[in-house]
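Here's the structure we're looking at; comments come further down.
The chain is numbered in sequence order, starting from 1.
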Amino acid sequence: MGVEGEGIEFRAFRGDRRSSVYREYVIACATFASVLAAAREQGLPLLASLGARGGRRLEPDEADRLAREASALGEELPSPTLAAHLAAIADIARWCSRARGRSWMTIAAS
């Protein structure tokens, strides 16, 4: 997945492939590029790695890690706009990681 398209979609699922519910959040590619740069500067490896080409699928433990990294970065940034985007990403990742049953998360260009 690159950051050239219109947006990056974070989608968290609960259930199974045939019957699931999901939550999603889309962030503009230019904004996401700023998030990636800040994540690299702060040494947040999972968040910084989301800019690699191709889509990503995260299991609940990785979604929990993403939630923690996004929350930590949001607290460090002086930009309220970027902090709000990071809070939304963290909320979706946390929702995924706290499912009682099967859950997963995808990150892909939209």
Side-chain angles (χ1 to χ4, degrees):
M1 153 190 57
V3 291
E4 297 86 19
E6 291 184 24
I8 304 300
E9 179 182 75
F10 290 79
R11 189 177 280 188
F13 297 86
R14 287 181 173 182
D16 59 44
R17 290 207 179 270
R18 289 196 278 166
S19 176
S20 63
V21 295
Y22 69 90
R23 291 185 180 175
E24 70 180 351
Y25 185 75
V26 178
I27 184 171
C29 287
T31 304
F32 188 57
S34 297
V35 167
L36 293 175
R40 283 190 295 273
E41 288 175 17
Q42 294 294 320
L44 301 169
L46 179 58
L47 186 55
S49 75
L50 296 180
R53 296 233 178 252
R56 285 286 296 272
R57 178 183 163 122
L58 304 179
E59 295 302 320
D61 60 327
E62 294 170 305
D64 181 60
R65 186 169 152 208
L66 176 60
R68 286 184 279 119
E69 288 187 9
S71 293
L73 184 57
E75 292 172 4
E76 294 294 320
L77 294 178
S79 166
T81 302
L82 283 182
H85 288 298
L86 286 159
I89 292 167
D91 285 344
I92 288 174
R94 200 171 293 111
W95 183 80
C96 174
S97 71
R98 293 183 178 165
R100 292 182 187 209
R102 180 93 177 101
S103 66
W104 67 98
M105 188 170 180
T106 60
I107 299 104
S110 60

Side chain of [X], backbone of [Y]: donor and acceptor closer than 3.5 Å?
X    : Y   : answer
S103 : C96 : yes
Q42  : L73 : no
S19  : D16 : no
R102 : S20 : no
S110 : E9  : no

Do P45 and E69 have side chains that approach each other closer than 4.5 Å (heavy atoms only, starting at C-beta)?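 When only atoms from C-beta onward are counted, E69 and P45 do touch, with a gap below 4.5 Å.
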With clusters defined by side-chain heavy atoms of hydrophobic residues (ILVMFWY) lying less than 4.5 Å apart, directly or transitively, does I92 cluster with V26? no
Measure the spacing between [atom1] of [X] and [atom2] of [Y] and express it to the nearest 0.5 Å.
X    : Y   : atom1 : atom2 : answer
I107 : L46 : CD1   : CG    : 7.5 Å
L44  : L66 : CG    : CG    : 10.0 Å
F13  : E24 : CZ    : CD    : 8.5 Å
Y25  : L86 : OH    : CG    : 9.0 Å
R94  : S71 : CZ    : OG    : 4.0 Å
I8   : R56 : CD1   : CZ    : 12.5 Å

Ring geometry between F10 and F32 (parallel below 30°, tilted from 30 to 60°, perpendicular above 60°):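 If you compare the ring of F32 with that of F10, the planes turn out perpendicular.
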Answer yes when D64 and R68 have at least one side-chain N-carboxylate O distance shorter than 4.0 Å, and no when they do not.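 Salt bridge: yes.
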Which residue pairs pass the ring-ring contact (aromatic ring centres under 6.0 Å, His included) test with at least one member in residues 58-79, sequence neighbours excluded?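 Listed by first then second residue: nothing to list.
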Determine the minimum heavy-atom distance between L47 and L36, stating which atoms define it.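 That would be O-CD2, 3.3 Å.
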Can you see which heavy atom on R14 is nearest to which on W95, and at what distance?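 Residues R14 and W95, closest heavy atoms: NH2-O, 2.6 Å.
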Residues passing the side-chain hydrogen bond (donor to acceptor under 3.5 Å, both in side chains) test with R40, sequence neighbours excluded, are none
